[in-house]
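In what follows, a single structure is set out as structure tokens and then discussed.
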2 protein chains.
Amino acid sequence: MKVKASYSTRQRAVILDILRQAGQPLTAQDIHERAMQNHAGIGLATVYRTLKTFISQGDIAQVEIPGASPCYEPTDRGHHHHFVCQHCRQVFDLQGCVHDLHDLAPQDFQVERHEIVLYGVCPDCGRDESAHTDD
Amino acid sequence: MKVKASYSTRQRAVILDILRQAGQPLTAQDIHERAMQNHAGIGLATVYRTLKTFISQGDIAQVEIPGASPCYEPTDRGHHHHFVCQHCRQVFDLQGCVHDLHDLAPQDFQVERHEIVLYGVCPDCGRDESAHTDD
DNA sequence: CTCAATTCGAGAATCGATTATCGTATTTTG
DNA sequence: CAAAATACGATAATCGATTCTCGAATTGAG
């Protein structure tokens, strides 16, 4: 059973690059839009196909955030968590973690991993907010 | 603008009761199934309609968990978090919380709330697992 | 360069969750 | 109990995310 060959294409390079440059998780839509801007002509289907390929190769991970669309990010960023801006819906990476986290579960639960998501207002939107006082 | 009246119906009582008895967040499907068992004849549409009503009244809250279907739970349980069993996909309530959590975000982010989700194996599935050693 | 393998693009199709539709049934009010 | 307001049930429709389809284009080996 030989592993199916994998061609290196412009599209794949672009998508991986976008994700690496981003510094924050992006949705498939985000990636698609940026790909269209930077280098015209990448179909949404291709974005999904490519993400899938990279995910199975372990280069990219899907990030699911309650209240946000599924995002994708490179796997080389180590353990970290996320912040979701309730204004612009963007997802940001956070550094660090907290301990004692697994103690939240009773003894008879085996905890294998955890997710932490902070919600609030990002710096950009915070600036707007103080000006508008809207929402 | 008067607030729309709200009739008290068998269906609403049943749904709220199911949710209160459950002790853990349930999906709309879960609720529907249990409602069918306990008291025949509650449509899925009614489940959603009723959840929506209760949510707007503040009696029920929707719980979104990455990797799980949207769940619903009574709001009278105070601040708590959740555990998702990677085997049976059930969502459990956890008591307690951790501090220093909001420090994860840089100063210029306004943190308003947070979510913590632990993933692992629940007691029931852990028992099975040790017997089968499968998965 | 040539050919076979692989990938692409655009749009249709699918999927799970949720909402809308509409005729019927139930709850309130008096 | 009668009438009006509200809710129900079954199913079709919708929604966002993702996958599939298939003819055209690109890539890698020789």
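Every chain is numbered from 1, with letters handed out A, B, ... down the list of sequences. Note that the structure is predicted; figures quoted are calculated from it, not measured.
- Look at OH on A:Y7: it is 9 Å from C1' on D:dA29, rounded to the nearest Å.
- Backbone-only contact: A:S8 has heavy atoms under 4.0 Å from sugar-phosphate atoms and none from a base.
- The side chain of A:Y72 contributes an N or O atom lying less than 4.0 Å from OP1 or OP2 of D:dT18.
- With a 4.5 Å cut-off on side-chain heavy atoms, B:F83 and A:V111 count as touching.
- Here the side chain of A:Q11 is nearest to one of C:dG9, D:dG9, D:dA17, namely C:dG9.
- Separating the CD1 atom of B:I42 from the P atom of C:dA25 is a distance of 17 Å, rounded to the nearest angstrom.
- Phosphate proximity of C:dT27 to B:T9: absent, as no side-chain N or O sits under 4.0 Å from OP1 or OP2.
- A donor and an acceptor atom never sit less than 3.5 Å apart when one is taken from the side chain of B:Y48 and the other from the base of C:dA17.
- With rounding to whole Å, A:L44 atom CG is found 10 Å from C:dA10 atom P.
- Nearer the 5' end of DNA chain C, as judged by each residue's closest nucleotide, is the contact made by B:Q62, out of B:Q62 and B:R49.
- Using a 4.0 Å cut-off, no side-chain N or O of B:T53 falls inside it from OP1 or OP2 of D:dT6.
- Here the CZ atom belonging to A:R12 is positioned 11.5 Å from the CG atom belonging to A:D59, to the nearest 0.5 angstrom.
- Proximity of B:R10 to the phosphate of C:dT26: no side-chain N or O atom is located under 4.0 Å from OP1 or OP2.
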Exercise for review: Please lay out, stage by stage, how A:D124 and A:R127 fare under the test salt bridge (Lys or Arg N to Asp or Glu O under 4.0 Å).
Suggested key: CA-CA 5 Å; A:D124 272 5; A:R127 222 166 289 128; 3.1 Å; yes
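- Toward the 5′ end of DNA chain D lies the nearest nucleotide of A:Q29, the other residue of the pair A:Q29 and A:A45 mapping further downstream.
- Contact annotation for A:S69: backbone-only contact, meaning every heavy-atom pair under 4.0 Å involves sugar-phosphate atoms and none involves a base.
- Whole-Å rounding puts the B:E64 CD to C:dT18 P distance at 9 Å.
- Side-chain contact between A:Q29 and A:S69 is absent, with no heavy atoms from C-beta onward closer than 4.5 Å.
- At whole-Å resolution of the value, NE2 in A:H32 and P in D:dT19 are 15 Å apart.
- When rounded to the nearest whole Å, the span between CD1 of B:I31 and P of C:dT18 equals 10 Å.
- A straight line from CD1 of B:I15 to C1' of D:dC8 spans 11 Å, rounded to a whole angstrom.
- Using a 4.5 Å heavy-atom cutoff, the side chains of B:F92 and A:F109 are in contact.
- To the nearest angstrom, P of C:dT7 lies 15 Å from CG of A:L51.
- Listed nucleotides: D:dT19, C:dA17, C:dG9. Nearest to the side chain of A:K52: D:dT19.
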